[in-house]
2 protein chains.
Amino acid sequence: MAPRSCSIANALGVVGERWSLLALREVFLGVTRFDQIAANTGASRDVLTVRLKKLVAAGVLEKHQYSEHPPRHEYVLTDSGRALHNVMLMLKEWGDAYVTEGPLPLVWEHSCGAVLEPRVVCAECGEEATSESLTRAAEPTH
Amino acid sequence: MAPRSCSIANALGVVGERWSLLALREVFLGVTRFDQIAANTGASRDVLTVRLKKLVAAGVLEKHQYSEHPPRHEYVLTDSGRALHNVMLMLKEWGDAYVTEGPLPLVWEHSCGAVLEPRVVCAECGEEATSESLTRAAEPTH
DNA sequence: GGCGTAAGTTGGATTTTCCAACCCACTGAT
DNA sequence: ATCAGTGGGTTGGAAAATCCAACTTACGCC
């Protein structure tokens, strides 16, 4: 039996290794340089090198040279990388609710002025998308 | 410099290891037994044993005995586990859009009848929560 | 010249992971 | 009663990934 084919597995194949998402979190927060990413995540430099290369190869990040002499780079998000924002939001939300103890280390405020409480809704009808309100529409026909 | 304290890191401490989220995906899909989870994810049995124990210890899953002789168990989601649904949805959405090639292996239909296209919105105002519409509201005061 | 910073590389020890094989308790068919 | 099959693991050894500290290169500043 081959394992189930699934976009969650595919996604994790790209960003599912340790440090990948934390490195991306830093880029989202505006920290784009190797040393700072290493310090803020706690990843060792060699592993971080490999992760960043993989994320660049996968088209999630781009490496921009912002100085030629000496050569200096920064990592910036591609469209694909920016699209991971929702994943990070939900992961943060779950961590806030069920893992983090004590005061929350980071709180987002939405442009409407409220502290952000994210909800996942169906783009069509605007109603919340819970696991109960979803049914499988297609199976692989193989 | 200590690494940044953050709910994303805390969340990944619980579900960030390989196979954890895929095992949870199976439980969401109604596959609750060890052998089937192993087969559908591709995880080796020893690693899966450790992952499931950790998820139970973290309060994400519960192990229910459904037969005494022979002892047989199934894994069921707790509230905390059910709350991971949003994370999985967004991960699937990103995988669909940026990683999976060819036809999508799985499509969800919302109760409104439409194929689900999930959006993350602010619970307060209902507007979409993009990275541009968010600002940091609090920093650790330490 | 010496110090500091950025962005890695390298080497070796330690952990994890993988995989196949094994085990035990039971069930159901012959 | 034996015999294959299933569920849920455990064990052992090989392979891969990770961690950490030290080293490197290439500059800019004083």
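Each chain gets a letter, A, B and so on, in the order the sequences are listed, and its residues count up from 1.
Minimum atom distance to the side chain of Val47(A) is reached by dC19(D), of the listed dC18(C), dA6(C), dC19(D).
Per the geometry, CG belonging to Leu48(A) stands 16 Å off C1' belonging to dA21(D), to the nearest Å. Following rounding to the nearest Å, Arg51(B) (CZ) and dG9(D) (P) show an atom-to-atom distance of 15 Å. Going from atom CZ of Arg45(B) over to atom C1' of dC18(C) covers 14 Å, rounded to whole Å. One atom, CZ of Arg18(B), and another, P of dA15(D), lie 18 Å apart when rounded to the nearest Å. Straight-line distance from the CG atom of Leu22(A) to the P atom of dT18(D): 13 Å, rounded to whole Å. dA7(C) atom C1' lies 13 Å from atom CD of Gln36(A), rounded to whole Å. At whole-Å resolution of the value, CH2 in Trp19(B) and P in dC19(C) are 8 Å apart. To the nearest angstrom, C1' of dT6(D) lies 13 Å from CZ of Phe34(B).
At the phosphate of dG8(D), neither OP1 nor OP2 sits under 4.0 Å from any side-chain N or O atom of Lys53(B). A sub-4.0 Å separation between OP1 or OP2 of dG9(D) and a side-chain N or O of Lys63(B) is present. Phosphate contact (OP1/OP2 of dG7(D), side-chain N/O of Tyr75(B), threshold under 4.0 Å): absent. The side chain of Lys54(A) contributes no N or O atom lying less than 4.0 Å from OP1 or OP2 of dA17(D).
Under 4.0 Å is where a charged nitrogen must lie from a carboxylate oxygen, and between Arg4(B) and Glu26(A) at least one such pair does.
Note: Phe28(B) and His85(B) meet the aromatic proximity criterion, with ring centroids under 6.0 Å apart.
Hydrophobic clustering, with ILVMFWY side chains joined whenever heavy atoms are under 4.5 angstrom apart, groups Val56(A) together with Leu22(A).
Contact detail for Val14(A) and Leu55(A): the closest heavy-atom pair is O-CD2, 3.9 Å.
With hydrogens and angles ignored, no donor-acceptor pair under 3.5 angstrom links the side chain of Arg72(B) to the base of dG8(D).
A donor-acceptor contact shorter than 3.5 Å links the side chain of Trp94(A) to the backbone of Ser80(B).
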